[in-house]
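Below is one structure, written out as structure tokens; the observations come after it.
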Amino acid sequence: MMTNEWIDRLRALRVMPVIQIEYAIDAVPLAKILVDNGLPAVEITFRTAAAVESIRLIRAAYPNIVLCAGTVLTIEQVDAAMAAGADFVISPGFNPTIVKYCLTNNIKIIPGVNNPSLVEQALELGVNALKFFPAEASGGVNMLKALVAPYSQVQLMPTGGVTPLNLGEYLAIPQVIACGGTWIAPTNTITHHDWDLIAGNVREVCVMIAQMKA
């Protein structure tokens, strides 16, 4: 289960960069850009073979960065992510076997949900920090508002289709702790080392967050 400390850290960030990285050699340069430009956090998705090594390298280079593993689908991936240095794991869906394994082993997890039945399964296990995924395809802001109405105790991280154009609407919902940001560093920009573009995206989102907090 997420502790209040981790929820507070995520809520302070407001945006979690969601990264699909092809080559682990690019992990540390990417993390440097995130940290240097004001967003010291990264979710490395298990969509490529470079995920585990990327997490290991980032943790070694930046011990204090908020670092999690995304798209975690198996217990083996949970173990690999934690051994590499992840702070917690995120899954796209709600797999009771994985969630129970994490709870039993004191591993923080944010499982994915997008309907009331899944929310209730999570609450039954004592998990109230959840990923709303895929956010836009599941009804976006309107669906999220409807979902939190009967479940005001949940804390959500919408991911999937969140952009600078709708970020403010999501973050205005009190139960939203942070949004997953896939637009910040798309895979092709990392592969082509378009660091200036990524840095600009990071600075842009930091300005948006500061304006929202003002």
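Since the structure is predicted, the reported quantities are computational estimates derived from the model, not experimental observations.
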Side-chain donor or acceptor of [X] paired with backbone N/O of [Y] under 3.5 Å:
X: Asp87; Y: Leu67; answer: yes
X: Asp194; Y: Thr189; answer: no
X: Asn105; Y: Ile107; answer: no
X: Thr71; Y: Thr45; answer: no
X: Arg14; Y: Ile177; answer: yes
X: Arg59; Y: Ile65; answer: yes

Practice prompt. Please test Tyr101 against Asp79 for side chain to side chain donor-acceptor pair (under 3.5 Å), starting from the C-alpha separation and ending with a verdict.
Written response: CA-CA 10 Å; Tyr101 177 82; Asp79 288 341; 2.6 Å; yes

Quick one, [X] and [Y] - any side-chain contact, counting heavy atoms below 4.5 Å?
X: Asn37; Y: Cys206; answer: no
X: Arg47; Y: Thr187; answer: no
X: Pro134; Y: Asn114; answer: yes
X: Gln121; Y: Val99; answer: no
X: Ile109; Y: Ser91; answer: yes
X: Leu123; Y: Asn128; answer: yes
X: Phe88; Y: Ile110; answer: yes

State yes or no: do [X] and [Y] share one hydrophobic cluster built from I, L, V, M, F, W and Y residues joined by side-chain heavy-atom distances below 4.5 Å, directly or via other members?
X: Leu197; Y: Val42; value: no
X: Met212; Y: Val202; value: yes
X: Val207; Y: Leu171; value: no
X: Ile75; Y: Ile55; value: yes

Closest non-hydrogen atom pair, [X] against [Y]:
X: Gly180; Y: Val162; result: O-CB, 3.9 Å
X: Leu30; Y: Ala185; result: CD1-CB, 4.0 Å
X: Leu34; Y: Pro17; result: CD2-CG, 3.9 Å
X: Ile21; Y: Ala50; result: O-CB, 3.6 Å
X: Pro92; Y: Phe133; result: O-CD2, 3.6 Å
X: Ala69; Y: Val72; result: O-CG2, 3.6 Å

Distance, nearest 0.5 Å, that separates [atom1] of [X] from [atom2] of [Y]:
X: Met82; Y: Lys108; atom1: CE; atom2: NZ; result: 7.0 Å
X: Ile58; Y: Arg56; atom1: CD1; atom2: CZ; result: 11.0 Å
X: Leu147; Y: Ser138; atom1: CG; atom2: OG; result: 9.5 Å
X: Met143; Y: Asn115; atom1: CE; atom2: CG; result: 6.5 Å
X: Lys100; Y: Ile98; atom1: NZ; atom2: CD1; result: 12.5 Å
X: Glu22; Y: Ser54; atom1: CD; atom2: OG; result: 10.0 Å

Practice prompt. Carefully, step by step, assess Val148 and Phe132 under the rule side-chain contact (heavy atoms from CB on, under 4.5 Å).
Written response: CA-CA 11 Å; Val148 299; Phe132 178 58; over 6 Å; no

Worksheet item: Can you check side-chain contact (heavy atoms from CB on, under 4.5 Å) on Val15 and Met208, steps first, answer last?
Response: CA-CA 10 Å; Val15 172; Met208 292 180 65; over 6 Å; no

Worksheet item: Could you go step by step and tell me if Val205 and Trp183 meet the side-chain contact (heavy atoms from CB on, under 4.5 Å) rule?
Response: CA-CA 10 Å; Val205 76; Trp183 80 90; 3.8 Å; yes

Discussion item. Please evaluate residues Lys32 and Trp195 with respect to the criterion side-chain contact (heavy atoms from CB on, under 4.5 Å), reporting the C-alpha separation (whole Å), side-chain torsions for both, the decisive distance (0.1 Å), and the verdict.
Written reply: CA-CA 10 Å; Lys32 176 176 171 58; Trp195 306 128; over 6 Å; no

Worksheet item: With sequence neighbours excluded, what pairs up with Thr182 under the side chain to side chain contact (heavy atoms under 4.5 Å, CB included) test?
Response: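 Per chain and number, Thr182 pairs via side chain to side chain contact (heavy atoms under 4.5 Å, CB included) with Val18.
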
Response to the item:
Across all chains, not counting sequence neighbours, the side chain to side chain contact (heavy atoms under 4.5 Å, CB included) partners of Tyr23 are Ile25, Asp26, Thr191

Item to complete: Scan residues 140-167 for pairs that pass side-chain hydrogen bond (donor to acceptor under 3.5 Å, both in side chains), counting only residues two or more places apart or in two chains.
Response: Arg11-Gln155, Glu120-Tyr151

